[in-house]
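All of these numbers come straight from a predicted model, not from anything done at the bench. So you know, we letter chains A, B, ... as the sequences are listed, proteins then strands, and number each from 1.
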Number of protein chains: 2
Amino acid sequence: MNVPELRSPVSPPEDDMEVARVKARVVWYYFMGGLTQQEIADRLGITRLRVNRIIGSARTDGSVRVEVSLPLAECVSLEEELKSRFGLLDAAVVPALPAHDAQQRAIGEAAGTMLGGLLEDGRSVGVGWGKTLRACIPRLPARRFSRSWVTALMGGLTRGSGANTFEVSTQLADALGADCYYLAAPIYCPTEESREALLAHPGIADVLRRARAVDAALLSCGDLSERSLLASTSTVWDMREELLGAGAVGDLLGTFIDAEGAIVDHPLNQRVVALAPDELRSIPATILASGSLYKAPVIGAILRGGYVNRVVTDEACARALLAGPAR
Amino acid sequence: MNVPELRSPVSPPEDDMEVARVKARVVWYYFMGGLTQQEIADRLGITRLRVNRIIGSARTDGSVRVEVSLPLAECVSLEEELKSRFGLLDAAVVPALPAHDAQQRAIGEAAGTMLGGLLEDGRSVGVGWGKTLRACIPRLPARRFSRSWVTALMGGLTRGSGANTFEVSTQLADALGADCYYLAAPIYCPTEESREALLAHPGIADVLRRARAVDAALLSCGDLSERSLLASTSTVWDMREELLGAGAVGDLLGTFIDAEGAIVDHPLNQRVVALAPDELRSIPATILASGSLYKAPVIGAILRGGYVNRVVTDEACARALLAGPAR
DNA sequence: TCTCTAGAAATACAAATGTATCGCAGGGCC
DNA sequence: GGCCCTGCGATACATTTGTATTTCTAGAGA
């Protein structure tokens, strides 16, 4: 897919350079110049197919960014309602989209814009994980925040998913030009005792201290369906029935909560390596970026629990949230 | 399905509002959501044709903005060469495009970006005219610079061209949220005497004083071919041979200069209502935004004359400038 | 040297997009 | 009321774009 493109192992530096030059020119001609793909191919002496591929990759890898300046009246009013209903400092609502991944990307980009407005050099950021959060990165101003740092707020999956804690935090730190700290541990320890042992590790304890002290946190959440990347790991899936039985509707930073936002009483919650939801309340800016109708229950639970003070979601989800109980 | 009801061909204001809502949604779905035009049409209950037209209009009226983050190595190096060759503080070079209007727009947008980086609340801006300058407006941050003001640097054409002095300055002031001052006079007075009389007008004298005091000036220039909007006015065209005979290669703010940048000795130059080129030298930031190969002589003349300290042009023109004599 | 395979080019085709044309209806104007 | 003019809907069509499939090529490894 469009992970960093690996070149042939012959002349990496020179070849890469040339590819980058062609890409820059193709993208510019297409998006800024309005040339047709065929015209670009002729002009640059490459095939149209190649032009097409380059444009496709640029669309997804964030090297081209479109910005729409027309505010959607309906979404703006939903934002206001969300803010007053759940006592939020800010809310962003994007239109509902049929394609789930496009929806996630749209929410992520809006979250990136919101986060961008809160950042400046020296501010620290904590991040969760998920495809939604990864999508926010291209939206951030690529500045050199040399005094800032980024930290993961939770342990990682053992299997790379493209949106793992480690990947998201690395990319975010990279985009900001900031240092990066990882919670080098699995999300769930095998036992409560091993968790205690891990938390005693000086490095991990230090990162958790940092996590508690961030100026801004960017979070997502998961439900308990097979659509959730976390819920579909065997660790969680095996306990799914138990969790549902205990009233869980989904997770926030790996901790499962019920419909009211209360942390459910279940052993899994004793094995989480992450910032606890309650600890979020002392962070100045906390952004929950998540959408799609099926996640409305979890999002509602988080908002009612008062764990975050900002939310980014989609239109359909916003309506569902407003149809449910208030905080 | 969320189909907003839109059937009220009665009241214009309400109707306009509805149109704007539909437009915002169409544009968002297309550019941010990646839906197809047909999908959008179905979803919103309008025809694909309408969707297509709305998208077309959004593309040109600046309500959608694409930004490419890949720098073009060739253009960057041309920028550096221009800066050192002509002693400029900054230079921007965009790739050459076959379509002339697309080229102008691209240059204008780059100029807008450059100007945007120089502005802050309280700074004042002077502008010339032309399609290139008009294109820079969508690129400016739409902020509320309530302490800033914008002023025209030259008189206007009597016929609206969409890029007249009045139009460009109005739109620029509008985008910045700043006050606007017009040089309410024709570019060329009928006689030198009538010019003197006009300049004695308190309002006009005041605006000219303001023009001399701006913090930043955004300028374009014209050659003496029929392509130039100014040269093709009857006033100038009638004198074209004389001007060419006097060595003129084009105009800067309505004043005709020769290949070395010297103001040519011609009566028309005594009838101009505009800031004089020499007066530009005392303005802190002066941006010349102009391109296309055929304008290289004029642009070169202006750079050699040292009238501006920043330039925005296209690749082909930049190469031509660098092939010519230095300052 | 041969084969195997990944990647690029060529080809082909289906979908999406942009544009021209025609006819109709509403609104402004006389 | 009649008339013109604008703008939209419908249709049709040419162009552009995206993608699947096949073919070709060159390099890696046996």
Side-chain angles (χ1 to χ4, degrees), chain A residues 1-23 25-61 63-64 66 68 97-99 101-102 105, chain B residues 3-61 63-64 66 68 97-99 101-102 105 162:
Chain A
M1 234 33 63
N2 29 16
V3 234
E5 37 204 13
L6 314 169
R7 280 296 103 220
S8 50
V10 195
S11 53
E14 190 181 313
D15 203 23
D16 264 8
M17 185 71 83
E18 188 52 37
V19 166
R21 288 156 63 101
V22 171
K23 173 163 180 173
R25 206 160 269 271
V26 165
V27 169
W28 201 94
Y29 279 138
Y30 190 72
F31 290 100
M32 309 295 276
L35 298 205
T36 180
Q37 299 188 355
Q38 187 63 62
E39 287 173 320
I40 298 171
D42 294 345
R43 173 179 285 243
L44 266 46
I46 57 180
T47 66
R48 184 179 74 82
L49 184 66
R50 193 136 164 250
V51 172
N52 189 296
R53 290 219 177 104
I54 291 173
I55 289 167
S57 78
R59 273 215 173 91
T60 57
D61 76 3
S63 50
V64 60
V66 311
V68 173
L97 294 174
D101 56 339
R105 194 166 48 243
Chain B
V3 180
E5 64 277 28
L6 42 103
R7 290 288 160 254
S8 53
V10 196
S11 52
E14 190 181 315
D15 203 22
D16 266 6
M17 184 73 81
E18 189 51 39
V19 166
R21 288 156 64 101
V22 171
K23 172 163 181 172
R25 206 160 268 271
V26 165
V27 169
W28 201 93
Y29 279 137
Y30 190 72
F31 289 100
M32 308 295 277
L35 297 206
T36 184
Q37 299 189 355
Q38 187 63 62
E39 287 173 320
I40 297 171
D42 293 346
R43 173 178 285 243
L44 265 45
I46 57 180
T47 65
R48 185 181 73 83
L49 185 65
R50 207 142 104 76
V51 173
N52 189 295
R53 287 203 183 121
I54 290 173
I55 289 168
S57 78
R59 272 212 173 93
T60 56
D61 75 4
S63 48
V64 60
V66 312
V68 174
L97 293 174
D101 57 339
R105 192 165 49 242

From CD of Gln38(A) over to P of dT17(D), roughly how many Å is that when rounded to an integer? 9 Å
Measure from the side-chain heavy atoms of Asn52(B) and tell me the nearest of dT19(C), dT16(D), dA9(C). dT19(C)
Of dT17(C), dT19(D), dT17(D), the nucleotide closest to the side chain of Leu49(A) is dT19(D)
Can you find a donor-acceptor N/O pair under 3.5 angstrom joining the side chain of Arg48(B) to the base of dG9(D)? no
Calculate, to the nearest 0.5 Å, the distance between atoms CG and CD belonging to Asp42(A) and Gln37(A) respectively. 12.0 Å
By nearest-nucleotide position on DNA chain D, the 5'-leaning member of Ile55(A) and Thr47(B) is Thr47(B)
Nucleotide nearest Gln37(A) when distance is taken to its side chain, options dG18(C), dG18(D), dA20(C): dG18(D)
Mind checking Arg53(A) for me? I need base, sugar-phosphate or nothing, with any heavy atom below 4.0 Å counting as a touch. nothing
Nearest whole Å is fine: how far is dT16(D) P from Phe31(A) CZ? 17 Å
Counting N and O atoms only, with roles assigned by atom type, does the side chain of Thr47(A) sit under 3.5 Å from a partner on the main chain of Arg50(A), one being a donor and the other an acceptor? yes
Arg50(B) side chain: which of dA10(C), dT17(C), dG9(D) is closest? dG9(D)
Does a side-chain N or O from Thr36(B) land closer than 4.0 Å to OP1 or OP2 of dT17(C), or not? yes
Spacing of Arg105(A) atom CZ and Leu97(A) atom CG [to the nearest 0.5 Å]: 9.5 Å
To the nearest 0.5 Å, atom CZ of Arg53(A) lies from atom CZ of Arg48(A) at 11.0 Å
Whole angstrom value for the distance that separates C1' of dA16(C) from CG of Leu35(B): 13 Å
